[in-house]
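This report refers to the structure that appears directly beneath it.
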Amino acid sequence: MILQKNKLKNIVIIGTGGTIAGVGEAGNTSSYVAGQIEVNNILDAVEGITKLANLSAENIINVDSCDITQEDHIKISNYINELSKDDNIDGFVITHGTDTLEETAYFLNLTVKTNKPVVITGAMRPATATSADGPLNLYQAVVLARSEKAIGKGVLVSFCDCIYGARDVHKVSCFRVNAFDQKDFGCLGYVRGDEVYFYNESIKLHTTESEFDLKNVQKLPYVAIACFFADADVEILDYLSKTSKGIVIAGAGCGECGKIWSKKIKELVKNGFPVVRSTRVASGLVASEKSVNEYGICAGTLPPHKAHILLSLCLTKTNDLEKINEIFKKY
Ligand code: GLU
C-alpha cells in the first residue's frame, strides 16, 4: 500500500477485470477475452498517470463483469470500507467490466461508508485494440478520484470524458466508446485535461447517509427479476416466488402487466411477498396511487437490475412491504 507524504494525493486502484483488462488479436476491437491483465500492467500503458497521484494498485478479482457475484459486491465494499479508515488514503478507483458496472456502482453507492471519492471506470475496447479507450478512462478516473470536488458525491463513474452518478448511470451502447449515459438526467459533469467540472448532483441518499450496513451480512437474500412480455406465461411468477425472497417485475410501460400477471402479483403482495414493479422501458417513472398491498412496491426511476440490488439490501433489514416502498423513494 502507498503511504507517501508528498503533496500528491494517495489513490488506491482496485482491479476487478473487464475489457479494460482484456486481451485479443492485436488491433482488433471485438475478438478478445475480458479480465486477463493485472491492473498494475494496465497502469504501465497510461502515459503521465503517475504525475497525478501516488498510486497503489492491486486486483481483488479479475473476471468478465458478467461473472461478478453478489459475494464479490460485498467483498469490494468491505475492502473499501476497511481501507477508507486509513487517513493516508484519499480516494479509490475501481477498474471494472462495463456490462455490470452500473450494478456494482449502485451497490457500492448504498454500502460504502466514506465521503472519500470512489470512482469506477472501464473500457469498451480491450487493451490490445487500436485506439484502446482504457488508458484515457483510467487517467480521467484518477483525475476525478484525486479531486476535492468529488468528495461526498457518492460513488461516481468516469467514462469517455463524462462523470456519472452510480444511481442513474446506464450502459446505453454495447460497443461504442461513449457507452454510458444518465438518460433524462444527463450527466454530473466532465473531466477535461487534468481538471474536473461538476454541474449536477443526485439528491438521493448514498454512502455515509445510507442505512444499509454490511457488517453482519455475508450473503444477500436472493431476489429474482421477471420480464413481462405479450402473452408471457404466469407460471414463472409461481416458480420464482418459491425460489426467491422477492421478485422485481420488468413490466411494460409504467411497470404494467396483463390481467393474469397483475392478479398473480396482487395475490403475492397480499400475502406479504415482496414484488417490485419496474419497467423494461429505457426511461421514465414507475409510481402508483394504488396501495402497496394491491400493486406492489414501485421502483421509481430504477431499472430492474438496480431495483434488484435495492430490494436485496432492503430484505436484510425488513420484510414489511410498506417500509420497503418508503425506502425505495429515498434511494
Ligand atoms: N463482458 C465483459 C465485461 O463486462 C466485457 C464488457 C466490457 O468490459 O466492456 O467484463
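We're numbering straight along the sequence, starting at 1. Every number for a ligand or one of its atoms is a count from 1 in the order of the listing.
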Checklist entry - Between Ala179 and ligand 1, which residue portion shows a heavy-atom distance shorter than 4.0 Å: side chain, backbone, both, or neither? => result neither
Checklist entry - Taking the side chain from Lys113 and the backbone from Ser210, do they hold a donor-acceptor pair closer than 3.5 Å? => result yes
Checklist outcome for this item: For Thr98, the atoms of ligand 1 under 4.0 Å from one of its heavy atoms are 4 (O), 6 (C), 7 (C), 8 (O), 9 (O)
Item to check | Numbering as shown, the atoms of ligand 1 that approach Ala123 to under 4.0 Å (heavy-atom distance) | outcome: 7 (C), 8 (O), 9 (O)
Checklist entry - Would you call Lys183 and Asp181 a salt bridge, using N to O less than 4.0 angstrom? => result no
Checklist entry - Hey, does Lys171 come in under 3.5 Å of ligand 1, counting only N/O atoms on both sides? => result no
Item to check | Cation-pi geometry met for Lys266 and Tyr295 (6.0 Å, 45°) | outcome: no
Checklist entry - Which protein non-hydrogen atom lies closest to atom 1 (N) of ligand 1, naming both residue and atom, and how far is it? => result Asp99 OD2, 2.5 Å
Next on the checklist: Which of the numbered atoms in ligand 1 are under 4.0 angstrom from any heavy atom belonging to Ser65?
Outcome noted: 3 (C), 4 (O), 10 (O)
Checklist entry - Hey, does Tyr32 come in under 3.5 Å of ligand 1, counting only N/O atoms on both sides? => result no
Checklist entry - Are any of the side-chain heavy atoms of Phe107 and Gln70 separated by less than 4.5 Å? => result no
Checklist entry - Between Lys171 and Asp99, is there a side-chain N and carboxylate O pair less than 4.0 Å apart? => result yes
Item to check | Close side-chain approach of Glu211 to Tyr331, heavy-atom, < 4.5 Å | outcome: yes
Next on the checklist: Out of all atoms in ligand 1, which are within 4.0 Å of some heavy atom of Gly97? Include the element for each.
Outcome noted: 3 (C), 4 (O), 8 (O), 10 (O)
Next on the checklist: If I apply the N/O under 3.5 Å rule, does Thr100 come out as touching ligand 1?
Outcome noted: no
Next on the checklist: Using only atom types and a distance under 3.5 Å, with no angle test, would you say the side chain of Asn293 pairs donor to acceptor with the backbone of Lys270?
Outcome noted: no
Checklist entry - Against heavy atoms of Thr19, which atoms of ligand 1 measure under 4.0 Å? => result 5 (C), 6 (C), 7 (C), 8 (O), 9 (O)
Checklist outcome for this item: Under 4.0 Å from one or more heavy atoms of Asp64, ligand 1 contributes atoms 1 (N), 2 (C), 3 (C), 4 (O), 10 (O)
Checklist entry - Within 45 degrees of the axis of the six-membered ring of Tyr197 and under 6.0 Å from its centre: does Lys149 put its NZ or CZ there? => result yes
Checklist entry - Can you find an N/O atom of Met124 closer than 3.5 Å to an N/O atom of ligand 1? => result no
Item to check | Salt bridge Asp238-Lys264, side-chain N to carboxylate O under 4.0 Å | outcome: yes
Next on the checklist: Considering both backbone and side-chain atoms of His96, is one of its nitrogen or oxygen atoms within less than 3.5 Å of a nitrogen or oxygen in ligand 1?
Outcome noted: no
